[in-house]
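FYI, side chains are in, hydrogens and waters are out, and symmetry mates aren't considered; it's all heavy atoms of this structure. One is the number of the first residue; the rest follow in order along the sequence.
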Amino acid sequence: MPNNPQSNTCDEIIFSSFFKSQIKALRNFLFYKFGNMEKAEDVAQEAFLKLWQNCSSVPLEKAKSYVYTIANNSSLNEIAHQKVVLKYEKNFSGLDKTNQTPEYLMEEKQFQAKLLKAIENLNEKQRIAFLMNRIDGKKYSEIAQDLNISVKAVEKRIHLALLSLRKEIDL
């Protein structure tokens, strides 16, 4: 009786026996690659499914090698896919960290432009005192000393600057 390799792999009893003898080792091999038992189980099942689908072209002697090759290639594809996902997350996770709506971001940009325009429209003395206080973080006494004016004059300039900014921004 001639030994037909196609009929051996496609025979349900032989395939079932081969599956039972190899599934645990293959699953463990994949678990060591993935570090995830569920994923290892899924890929091992898929490898045996492909063996069953191609049983007519895979002799039983080469079935173990075939299953491991399929599983290894699947694991490499999965790892490559995860790298792409991680790279995408790394590159695009910072775009909207605040989860603000586009409308809010647009309004914020418009407000900043309006504020800068209002600061430009301040007279020079008010603008200098205001920016020294708000941007440089200087105290009124430090500003007075730098500009060679009194603290009361600094207070008045900043107060008038704030009134002017409120009036221009509220419009």
Side-chain angles (χ1 to χ4, degrees), residues 1-121 127 130-139 142 162 165-166 168-171:
M1 183 166 111
N3 188 4
N4 187 352
Q6 292 178 353
S7 64
N8 285 342
T9 310
C10 291
D11 184 274
E12 286 185 41
I13 297 171
I14 294 173
F15 184 86
S16 177
S17 174
F18 175 74
F19 174 82
K20 288 176 185 175
S21 69
Q22 297 298 319
I23 186 66
K24 187 175 181 181
L26 181 61
R27 186 187 61 231
N28 288 342
F29 168 75
L30 291 167
F31 174 67
Y32 301 144
K33 279 188 158 286
F34 285 119
N36 180 331
M37 187 57 86
E38 289 177 11
K39 192 67 180 163
E41 185 73 37
D42 288 345
V43 172
Q45 293 287 338
E46 287 174 21
F48 276 100
L49 180 64
K50 286 185 182 179
L51 174 63
W52 180 252
Q53 290 169 344
N54 297 315
C55 67
S56 61
S57 61
V58 180
L60 190 59
E61 307 83 56
K62 297 190 180 209
K64 182 176 178 181
S65 171
Y66 180 85
V67 172
Y68 273 83
T69 301
I70 295 291
N72 190 47
N73 289 344
S74 294
S75 69
L76 293 174
N77 289 341
E78 181 65 28
I79 290 168
H81 174 70
Q82 288 303 319
K83 283 182 182 179
V84 170
V85 169
L86 290 173
K87 184 177 179 183
Y88 178 81
E89 287 176 356
K90 179 181 168 191
N91 289 340
F92 294 102
S93 65
L95 287 180
D96 192 16
K97 288 183 179 176
T98 59
N99 293 328
Q100 296 171 338
T101 64
E103 292 84 16
Y104 177 83
L105 295 172
M106 185 180 70
E107 287 174 4
E108 183 180 36
K109 203 177 260 188
Q110 288 173 344
F111 177 78
Q112 287 176 346
K114 204 177 207 184
L115 178 62
L116 289 175
K117 182 72 173 158
I119 290 172
E120 285 177 16
N121 291 337
R127 185 174 51 249
F130 177 78
L131 293 176
M132 287 177 82
N133 176 254
R134 300 300 164 115
I135 303 298
D136 296 338
K138 292 187 175 189
K139 296 179 183 174
E142 295 171 324
L162 287 171
L165 290 174
R166 277 192 201 112
E168 196 164 329
I169 290 175
D170 285 343
L171 292 177

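The distance from atom NZ of K114 to atom CG of L165, rounded to the nearest 0.5 Å, is 12.0 Å. We find the CG-OH distance between L26 and Y68 to be 5.0 Å, quoted to the nearest 0.5 Å. Taking CG of N8 as the start and CD of E61 as the end, the distance is 7.5 Å to the nearest 0.5 Å. Here CG of L115 is found 10.5 Å from CD of E120. Values are rounded to the nearest 0.5 Å. For the atom pair CG (L49) and CG (D42), the distance works out to 12.0 Å, reported to the nearest 0.5 Å.
Between the side chain of S16 and the backbone N or O of I13 there is no donor-acceptor pair closer than 3.5 Å.
Residues V43 and S74 share a closest heavy-atom pair of CG1-CB, 3.7 Å. Minimum heavy-atom separation, F111 to I169: CE1-CG2, 3.5 Å.
When the shell of 6.0 Å around CD of Q112 is examined, it contains more than 12 heavy atoms from other residues, nucleotides or ligands. The local environment of CG in L116 is crowded, with over 12 non-hydrogen atoms from other residues, nucleotides or ligands closer than 6.0 Å.
In this structure Q45 satisfies the side-chain hydrogen bond (donor to acceptor under 3.5 Å, both in side chains) test together with E41, sequence neighbours excluded. Under the side chain to side chain contact (heavy atoms under 4.5 Å, CB included) criterion, S17 pairs with no residue, sequence neighbours left out.
L51 is not listed as a side-chain neighbour of F19, based on a closest heavy-atom distance of 4.5 Å or more. Side-chain contact between E168 and N121: present, with at least one pair of heavy atoms (C-beta onward) separated by less than 4.5 Å. Contact of the K50 side chain with the Q53 side chain is registered, since non-hydrogen atoms from C-beta on lie closer than 4.5 Å. Between R134 and L162, the closest side-chain pair of non-hydrogen atoms falls below 4.5 Å.
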